[in-house]
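Contents: one structure, followed by commentary.
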Amino acid sequence: MTKPIYVLNGPNLNRLGTREPHLYGSTTLAEIEAMCREAAGDTKLEFRQSNREYELIDWIHEAIDAGCAIVINPAAFTFTSMAILDALKMFPGPIIELHITNIHRREPIYHRSYVSLAATAIIAGLGAGGYAVAVRSALDLVSLPPR
C-alpha cells in the first residue's frame, strides 16, 4: 500500500497525559503516535494534531488526494463542525471516527456527532488503545474489495 493513513487529532489532544487524566488517562499524544506507527507496520502514516479547525480541513483535503484512509479524533469539533463533516464527505476511502472516552456515556452535549454522518466506523471508549484498533481497522477496510 503506497498511500498513507491519515491520523488526525483535534483541539486539546496535544495536552493528553496531563489533561483530565481521570477521563483521558495518562498516555501522551507522542505515545499514541508510537502505538499507531507500530499498528500500521509498513504502511505510511501521517499523524497530526491541531487546535485549528481550518488546519484539520486542509489535512482532510490533502488526504482526499493522497491518503487511503482517515482515522480522526476531532475532539470538540465532533459536535460543532459542519465544515469538517463537509470535508470528510468528499473523502473516497474509509473514515474511522475515534474517541478516547465513550461519548454516549457523557453529558448530552457529547451525544450528537456531525462526524458520524460521514464515518465508515466509530470507535469510542477504548482509551488511548483505541487508536491502534482504529489503525488496524483502517488497514483491514482498505484491503477489502470495493463495494
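Scope of the values below: all heavy atoms of this structure, side chains included, with no hydrogens, waters or symmetry mates.
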Examine [X] and [Y] and state if one hydrophobic cluster contains both, with Ile, Leu, Val, Met, Phe, Trp and Tyr joined whenever side-chain heavy atoms are less than 4.5 Å apart.
X    : Y    : answer
L98  : L23  : yes
L141 : I123 : yes
L8   : M90  : yes
F47  : V71  : yes
L29  : L126 : yes

Do you know the tightest heavy-atom contact between [X] and [Y]?
X    : Y    : result
D140 : S143 : O-OG, 2.9 Å
K3   : C68  : O-SG, 3.4 Å
P11  : A76  : CG-N, 4.3 Å
A75  : G10  : CB-C, 4.1 Å
A69  : V142 : CB-CG1, 3.9 Å

>> Show me the pairs that pass salt bridge (charged side-chain N to carboxylate O under 4.0 Å, His left out) and involve residues 82-92, at least two apart or across chains.
In response: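 Only D86-K89 qualify under salt bridge (charged side-chain N to carboxylate O under 4.0 Å, His left out).
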
Residue pair [X] / [Y], side-chain heavy-atom distance below 4.5 Å:
X    : Y    : value
I84  : I57  : yes
W59  : S50  : yes
M35  : T27  : yes
I100 : L16  : yes
S81  : Y114 : no

What's the spacing between [X] [atom1] and [Y] [atom2] if we round to 0.5 Å?
X    : Y    : atom1 : atom2 : value
T2   : K44  : OG1   : NZ    : 6.5 Å
F79  : S116 : CZ    : OG    : 8.5 Å
I72  : L56  : CD1   : CG    : 6.0 Å
R112 : I103 : CZ    : CD1   : 11.0 Å
Y6   : I95  : OH    : CD1   : 14.0 Å
Y24  : L13  : OH    : CG    : 8.0 Å

What residues, two or more places apart in sequence or in another chain, satisfy salt bridge (charged side-chain N to carboxylate O under 4.0 Å, His left out) together with [X]?
X   : answer
R19 : none
E20 : none
E46 : R48
E53 : none

> Are there more than 12 heavy atoms of other residues, nucleotides or ligands under 6.0 Å from atom CD of E38?
Replying inline: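 Not more than 12 within 6.0 Å, no.
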
In residues 130-139, what donor-acceptor pairs under 3.5 Å come from side-chain atoms, sequence neighbours left out?
residue: Y131; atom: OH; partner: N9; partner atom: OD1; Å: 2.6
residue: Y131; atom: OH; partner: N73; partner atom: ND2; Å: 3.1
residue: S137; atom: OG; partner: V133; partner atom: O; Å: 2.8

> Is the side chain of N51 donor-acceptor paired with the backbone N or O of N12 at a distance under 3.5 Å, no angle test?
Replying inline: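 Yes: the side chain of N51 pairs with the backbone of N12.
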
>> Go through it in stages, so that I can follow the logic: the residues are V7 and I32, the test is side-chain contact (heavy atoms from CB on, under 4.5 Å), and I'd like the CA-CA distance, side-chain angles, deciding distance and then a yes or no.
In response: CA-CA 10 Å; V7 179; I32 289 171; over 6 Å; no

>> Using side-chain contact (heavy atoms from CB on, under 4.5 Å), reason through E97 and L88 one step at a time and then give a plain yes or no.
In response: CA-CA 11 Å; E97 176 182 356; L88 288 170; over 6 Å; no

